[in-house]
Colleague: 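Pasting a structure here, questions to come.
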Number of protein chains: 2
Amino acid sequence: MAMKALSKATIYQVAQRAGVSIATVSRALRDSDLVTPETRERVHAAARELQFTPSRPARSLAEGRHAANGIVFPDLVGPYYAEVVLGYEATAGSLGSSVLILATNGRPDAEAAVRELAGRVDGLTVMGRTVGDDVVRGIASTGLPMVLLARDPVDGVDTVRAGNTNTAKALAEHLLGHGHRTITFLGDPDGSSDVAGRFAGVRAALAGTDALLSLVRGNGLDLDSGRTAARQILADRPDAVVCANDEAALGVLLAAEEAGLDVPRDLAVTGWDDLLAARFAGLTTVRQPMRELGATAARWLNRRINEPPLENTAARRRILATEVVIRRSCGVHEEVHP
Amino acid sequence: MAMKALSKATIYQVAQRAGVSIATVSRALRDSDLVTPETRERVHAAARELQFTPSRPARSLAEGRHAANGIVFPDLVGPYYAEVVLGYEATAGSLGSSVLILATNGRPDAEAAVRELAGRVDGLTVMGRTVGDDVVRGIASTGLPMVLLARDPVDGVDTVRAGNTNTAKALAEHLLGHGHRTITFLGDPDGSSDVAGRFAGVRAALAGTDALLSLVRGNGLDLDSGRTAARQILADRPDAVVCANDEAALGVLLAAEEAGLDVPRDLAVTGWDDLLAARFAGLTTVRQPMRELGATAARWLNRRINEPPLENTAARRRILATEVVIRRSCGVHEEVHP
DNA sequence: TTGAAAGCGATACCAC
DNA sequence: GTGGTATCGCTTTCAA
């Protein structure tokens with residue numbers, strides 16, 4: 001039987017086999033027009049026979065670029081980040097760039113991991129509160145193109161995010177319209193700038209009204225944290241609980257059910273993200289363009305990477321629109337739902 | 001010849017600054033014990049001052065490895081893949097490897113993209129029906145360590161998957177227990193081996209009974225495809241619709257509601273995956289260890305990568321356990337739900 | 001312990 | 001058009 005030809009072929013072997021120099025191989029393989037169709041074909045044949053694939057590190061070293069970019073996010077748990085990352089990958093891929101991902105989640109060495117990642121890419125997207133501003137500045141100052149995603153801006157770095165405050169204000173006003181007067185916000189404004197913006201919006205809506213706003217930070221934005229926090233919140237019998245995201249809100253829904261409370265009659269609940277589950281739970285929430293957030297970041301990063309060094313434009317900011325999605329959980333509406 | 005504005009420092013500059021050779025810098029920075037604590041410190045200081053970070057391509061070229069591995073999946077849409085990829089990233093990261101992702105989704109050049117990815121990593125995990133067996137074999141034959149995830153095995157390549165057939169059989173038997181006799185399976189067995197396994201399980205359960213099984217392939221496994229397919233299915237008034245995944249099942253639920261059908265009284269519906277939404281939709285489904293699937297693949301791949309070439313063990317197979325999760329949608333149970 | 005130098009595998013400039 | 005070769009930045013013998 002034939003021997004397993006696993007040692008990858010190099011450009012030298014292809015050159016030898018085709019009877020040309022490595023320079024010619026390089027040209028022929030990248031379809032340079034400085035090669036005779038004849039030799040071009042000969043080289044391609046040799047390459048094919050040897051199953052030649054150029055070494056990526058060698059290429060990168062010679063070209064001075066990685067042809068890859070990276071995205072750092074806190075976690076991939078929950079549909080929110082997943083959608084954003086997917087949008088990012090799809091767009092980056094179509095722009096001809098490979099994508100490296102890094103979830104800083106429970107990583108103790110997040111900062112080091114991010115720096116290491118920065119060394120593997122032509123540009124980096126940093127999402128949410130994964131690493132401090134100092135790290136972002138440090139990396140940006142090396143000249144590596146960067147884009148911030150769903151995160152407070154840093155001087156000189158592009159930022160893409162989804163609208164929080166205005167939409168949160170609209171949501172809270174809708175709640176007021178239902179007659180709710182004691183409102184609890186569940187989420188930690190110090191935990192992420194998104195949450196901070198949402199809280200600010202709610203507060204703005206209640207300012208100058210007779211409604212009462214209280215804040216419960218909770219332990220996180222997942223279902224169980226929401227459920228746990230809700231047990232405490234429900235003891236105070238607020239009219240409504242505005243949650244920082246859908247998962248927490250779903251947890252509150254579960255806790256309310258346990259407590260024998262009817263939503264929305266006894267308690268109104270709202271979330272944020274419009275997850276698939278929100279639809280089936282009848283949860284009033286806010287929809288944000290997750291896929292588009294990722295796609296925009298990828299597009300911007302690509303632009304920065306290919307930008308002529310001297311035309312370096314000022315940092316961009318963009319806030320993508322979000323919208324309130326009214327369902328059953330925010331209060332009793334005219335029509336009766338089955 | 002343009003001047004690089006922010007050229008990163010090289011090992012040469014560090015060497016010069018520390019007054020040593022590049023060899024010494026290399027050793028000092030990788031904490032070799034062949035260096036005086038004294039010079040070690042001097043080198044570290046110089047590196048720090050110059051903000052030196054070794055060039056990844058240069059390192060990879062010299063070491064002959066990437067310190068990275070990749071995972072290919074069809075799509076990241078829907079919580080299923082996201083969870084698997086997260087589990088993968090977390091484990092790979094903790095094993096000291098960077099992770100490259102590739103969604104073949106709507107990519108016309110999926111095969112080329114996978115090959116290109118293969119050139120950037122020390123090992124590759126291929127999930128589902130992203131590329132053909134020929135491509136898998138081709139890559140595996142170059143000696144690149146691989147792991148197959150949720151996909152039919154290929155000779156000589158490790159495979160990790162979740163149980164389908166037996167659990168599907170149990171699920172179908174439960175349905176029979178409810179008295180359902182006309183059952184429609186929604187999903188394309190030719191579209192993925194997972195779906196094929198689930199269908200096989202259902203068929204096995206009905207074999208030898210008086211129950212009738214029909215197959216509707218549908219156009220996909222997302223909510224809208226399920227909803228659309230359901231409109232056709234419902235015309236036949238089956239007792240139960242067994243869906244290949246939760247998203248399709250949720251679509252069926254929506255269509256049933258539109259048609260004025262009561263689930264489970266008029267129609268039983270089951271899904272697969274146990275998404276968060278399934279819980280709130282009261283959907284009977286099957287839970288699979290998504291996170292663990294990814295983690296196992298990452299662990300196996302790591303083992304292969306670091307395996308002494310000659311101890312090359314036979315291809316491994318593992319099927320992780322799945323379990324039926326009974327909720328309301330499969331039929332009327334004793335207890336009355338609110 | 002440290003330094004000199006030989007790779008690693010491409011790209012691209014400069015002659016011919 | 002092609003070939004020779006310097007270069008990219010680092011790791012790793014091999015000597016000293």
Side-chain angles (χ1 to χ4, degrees), chain A residues 6-44 46-47 50-68 116 118-122 142-143, chain B residues 1-4 6-44 46-47 50-68 116 118-122 142-143:
Chain A
L6 45 64
S7 51
K8 339 58 193 88
T10 73
I11 197 172
Y12 290 92
Q13 324 197 28
V14 177
Q16 179 166 25
R17 178 152 194 145
V20 296
S21 73
I22 61 165
T24 298
V25 173
S26 180
R27 291 190 196 103
L29 259 28
R30 36 190 48 251
D31 291 309
S32 161
D33 41 353
L34 301 90
V35 187
T36 309
E38 199 172 59
T39 55
R40 203 194 83 95
E41 195 37 59
R42 195 144 38 88
V43 170
H44 269 97
L50 268 46
Q51 301 218 57
F52 171 72
T53 310
S55 148
R56 192 57 246 187
R59 244 149 102 60
S60 292
L61 182 55
E63 291 179 337
R65 59 189 218 96
H66 304 271
E116 137 77 20
R120 300 178 161 270
V121 297
D122 300 320
T142 66
Chain B
M1 176 154 274
M3 200 163 92
K4 286 184 209 164
L6 291 152
S7 56
K8 321 76 182 92
T10 72
I11 198 173
Y12 290 92
Q13 322 195 25
V14 177
Q16 178 167 26
R17 178 152 193 145
V20 298
S21 74
I22 60 165
T24 298
V25 173
S26 179
R27 293 192 192 101
L29 259 28
R30 38 190 45 253
D31 293 308
S32 161
D33 41 352
L34 303 88
V35 187
T36 311
E38 204 169 55
T39 56
R40 202 194 84 96
E41 195 37 60
R42 197 143 38 90
V43 170
H44 268 98
L50 267 45
Q51 301 216 60
F52 172 72
T53 309
S55 149
R56 191 59 246 187
R59 239 148 108 57
S60 292
L61 182 56
E63 291 179 338
R65 59 189 218 98
H66 305 272
E116 137 76 22
R120 302 179 160 269
V121 298
D122 299 321
T142 66

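Every chain is numbered from 1 and lettered A, B, ... according to where its sequence line falls, protein lines coming before strand lines. All values below come from the heavy atoms of this structure, side chains included, with hydrogens, waters and symmetry mates left out.
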Colleague: Measure from CZ on A/R40 to C1' on D/dT2 and round the result to the nearest Å.
Modeller: 16 Å
Colleague: If you pin A/V35 and B/Y12 to their nearest nucleotides in DNA chain D, which one's is more 5'?
Modeller: A/V35
Colleague: Between B/R42 and B/E38, is there a salt bridge with N-O shorter than 4.0 Å?
Modeller: no
Colleague: How long is the span from the CD atom in A/Q16 to the CD1 atom in A/I11, to the nearest 0.5 Å?
Modeller: 13.0 Å
Colleague: Looking at every strand, decide which applies to A/T39 at a 4.0 Å heavy-atom threshold: base, sugar-phosphate, or nothing.
Modeller: sugar-phosphate
Colleague: Would you call B/S26 and B/R30 a side-chain contact if the rule is heavy atoms closer than 4.5 Å?
Modeller: yes
Colleague: At under 4.0 Å between heavy atoms, what does B/S32 touch on the DNA or RNA strands: base, sugar-phosphate, or nothing?
Modeller: nothing
Colleague: Take the C1' atoms of the five end pairs on each side of the helix from C/dT1-D/dA16 to C/dC16-D/dG1, get both axes, and report the angle to 10 degrees.
Modeller: 40°
Colleague: Closest heavy-atom contact between B/F52 and B/L29?
Modeller: CE2-CD2, 3.5 Å
Colleague: Can you tell me how far the CZ atom of A/R27 sits from the CG atom of A/D33, to the nearest 0.5 Å?
Modeller: 11.0 Å
Colleague: Separation of B/L50 atom CG from D/dG9 atom P, in whole Å?
Modeller: 14 Å
Colleague: Specify the closest pair of heavy atoms between B/H66 and B/R56, including all atoms of both residues, with the distance to one decimal.
Modeller: O-NH2, 3.6 Å
Colleague: Can you tell me if B/T10 touches the phosphate of D/dC8, counting only side-chain N or O atoms and a distance under 4.0 Å to OP1 or OP2?
Modeller: no
Colleague: Testing the basics here: between A/V35 and A/R40, what is the closest heavy-atom pair and its distance to 0.1 Å?
Modeller: CG1-N, 3.8 Å
Colleague: Are the side chain of B/S32 and the backbone N or O of B/L34 linked by a donor-acceptor pair below 3.5 Å?
Modeller: yes
Colleague: Closest heavy-atom contact between B/V14 and B/A47?
Modeller: CG1-N, 3.9 Å
Colleague: Between N or O atoms, less than 3.5 Å apart, protein on one side and nucleotides 12-16 of chain D on the other: list the pairs.
Modeller:
| unit_1 | atom_1 | unit_2 | atom_2 | d |
| --- | --- | --- | --- | --- |
| D/dT13 | O4 | B/R27 | NH2 | 3.3 |

Colleague: Which heavy atom of A/A67 sits nearest a heavy atom of B/R120, and at what distance?
Modeller: O-NH2, 2.8 Å
Colleague: When the distance from CD of A/E38 to C1' of D/dT2 is rounded to whole Å, what number comes out?
Modeller: 13 Å
Colleague: Mind checking B/V25 for me? I need base, sugar-phosphate or nothing, with any heavy atom below 4.0 Å counting as a touch.
Modeller: nothing
Colleague: Indicate the atoms forming the closest heavy-atom contact of B/H44 with B/A28, along with that distance.
Modeller: CE1-O, 3.4 Å
Colleague: Roughly how many Å is it from CZ in B/F52 to P in D/dG9, rounded to a whole number?
Modeller: 10 Å
Colleague: Could you tell me from which nucleotide to which nucleotide of DNA chain C, 5' to 3', there is an atom under 4.0 Å from chain B heavy atoms?
Modeller: C/dT1 to C/dG9
